[in-house]
Amino acid sequence: MTLELGVNIDHIATLRQARGTIYPDLLQAMRLVEEAGAQAITIHLREDRRHIQDADVYAIRQHCQRRLNLELAATDEMVAIACDVSPSDACVVPEKREELTTEGGLDIIGLFDRVKKSTQTLKQAGIRVSLFIEPDIEQIKRVPDIGAPVIELHTGTYANAIGDDKKREFDRILKASEVADELGIQVNAGHGLDYENTQIIAAIPQIRELNIGHSMVSRAVFVGIKEATVEMLELLRKARI
Ligand code: PXP
């Protein structure tokens, strides 16, 4: 089974929002990611709109040539937007306004009714729903009752762990992947994955898709910056002719 890559382009928008400019152009970034062969584009419309804006979601939906995976909190506002936009996939995530990034998985036991309601509404709109949860067996066992066909295992704790803890966190992801797969749930994973810690996760056979953002946008600063510099130098040179 092939492992698919969803590239989270939120932080292209972070850079744009930092200066209130119209660049870097999200659609251009999306096209390059698509040309490079990624199977999905992932974006997170946060309640505070700190990076992706509502208009971005609609523009990306219009032009995206791959699967579009919209990450959203389980709120009425976000679910209504998702139903209107109609992406192929939606990943329900926990959200606290003050956090730097999504911290931890969704507690689908504690928030059972709310998550189930959001999931059912999204499903009725023809959207494939994924729940972003911890690699926790008790959480996974409740997924069939919620009715989501897909989970995304939160790999952030694994990514941040060091020494023996890293091995323990990896084992939790491995075990959770096996249990979810046995229950007939599609297993995706993501958060905090980078060029050093991804391959061991990618080797877990039950995992079907990885969603990666921050490390890839950071890497692009170096491997993609050369052409950007050449173009800018050329513009400066031409302005003095
Ligand atoms: N998956 C989910 C559900 C997320 O919320 C995020 C961050 O928006 C990612 C994957 C990507 O995480 P990172 O930017 O750390 O690669």
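Order of listing sets the numbers, starting from 1, for every ligand and every atom in it.
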**Student:** What do we get for Glu152 next to ligand 1 when only non-hydrogen atoms under 4.0 Å count, side chain, backbone, both or neither?
**Tutor:**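 For Glu152, the contact with ligand 1 is made by the side chain alone.
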**Student:** Can you list the atoms of ligand 1 that are under 4.0 Å from a heavy atom of Val93?
**Tutor:** 3 (C)
**Student:** Polar contacts were defined as any N/O atom of the residue lying under 3.5 Å from an N/O atom of the ligand; does this apply to Ile212 and ligand 1?
**Tutor:** no
**Student:** Less than 3.5 Å between some nitrogen or oxygen of Asn211 and one of ligand 1, yes or no?
**Tutor:**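 Such a contact does not occur with ligand 1.
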**Student:** With a 3.5 Å cut-off and sequence neighbours excluded, list the donor-acceptor pairs that the side chains of residues 72-80 form with protein atoms.
**Tutor:**
residue, atom, partner, partner atom, Å
Thr75, OG1, Met78, N, 3.2
Asp76, OD1, Lys117, NZ, 3.3
Glu77, OE2, Arg49, NH2, 2.9

**Student:** For Phe132 and ligand 1, does the shortest N/O to N/O distance drop below 3.5 Å?
**Tutor:** no
**Student:** Less than 3.5 Å apart, any donor N or O on the side chain of Thr42 or Asn69 sitting next to an acceptor on the other?
**Tutor:** yes
**Student:** Using only atom types and a distance under 3.5 Å, with no angle test, would you say the side chain of Arg208 pairs donor to acceptor with the backbone of Leu3?
**Tutor:** no
**Student:** If only atom types and distance count, is the side chain of Glu134 paired as donor or acceptor with the main-chain N or O of Gly105 below 3.5 Å?
**Tutor:** yes
**Student:** Of the choices Ala159, Ala189, Gly192, which has the non-hydrogen atom that lies closest to atom 15 (O) of ligand 1?
**Tutor:** Gly192
**Student:** Between ligand 1 and Glu71, is the shortest N or O to N or O distance under 3.5 Å?
**Tutor:** yes
**Student:** Output the list of atoms in ligand 1 that are nearer than 4.0 Å to some heavy atom of His214, sorted by atom number.
**Tutor:**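 Ligand 1 atoms under the 4.0 Å threshold to His214: 13 (P), 14 (O), 16 (O).
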**Student:** Are any side-chain N or O atoms of Lys123 and backbone N or O atoms of Arg128, one a donor and one an acceptor, separated by less than 3.5 Å?
**Tutor:** no
**Student:** Cut-off 3.5 Å, no hydrogens considered: what does the side-chain donor-acceptor table look like for residues 140-150, sequence neighbours left out?
**Tutor:**
residue, atom, partner, partner atom, Å
Arg142, NE, Asp145, OD2, 3.1

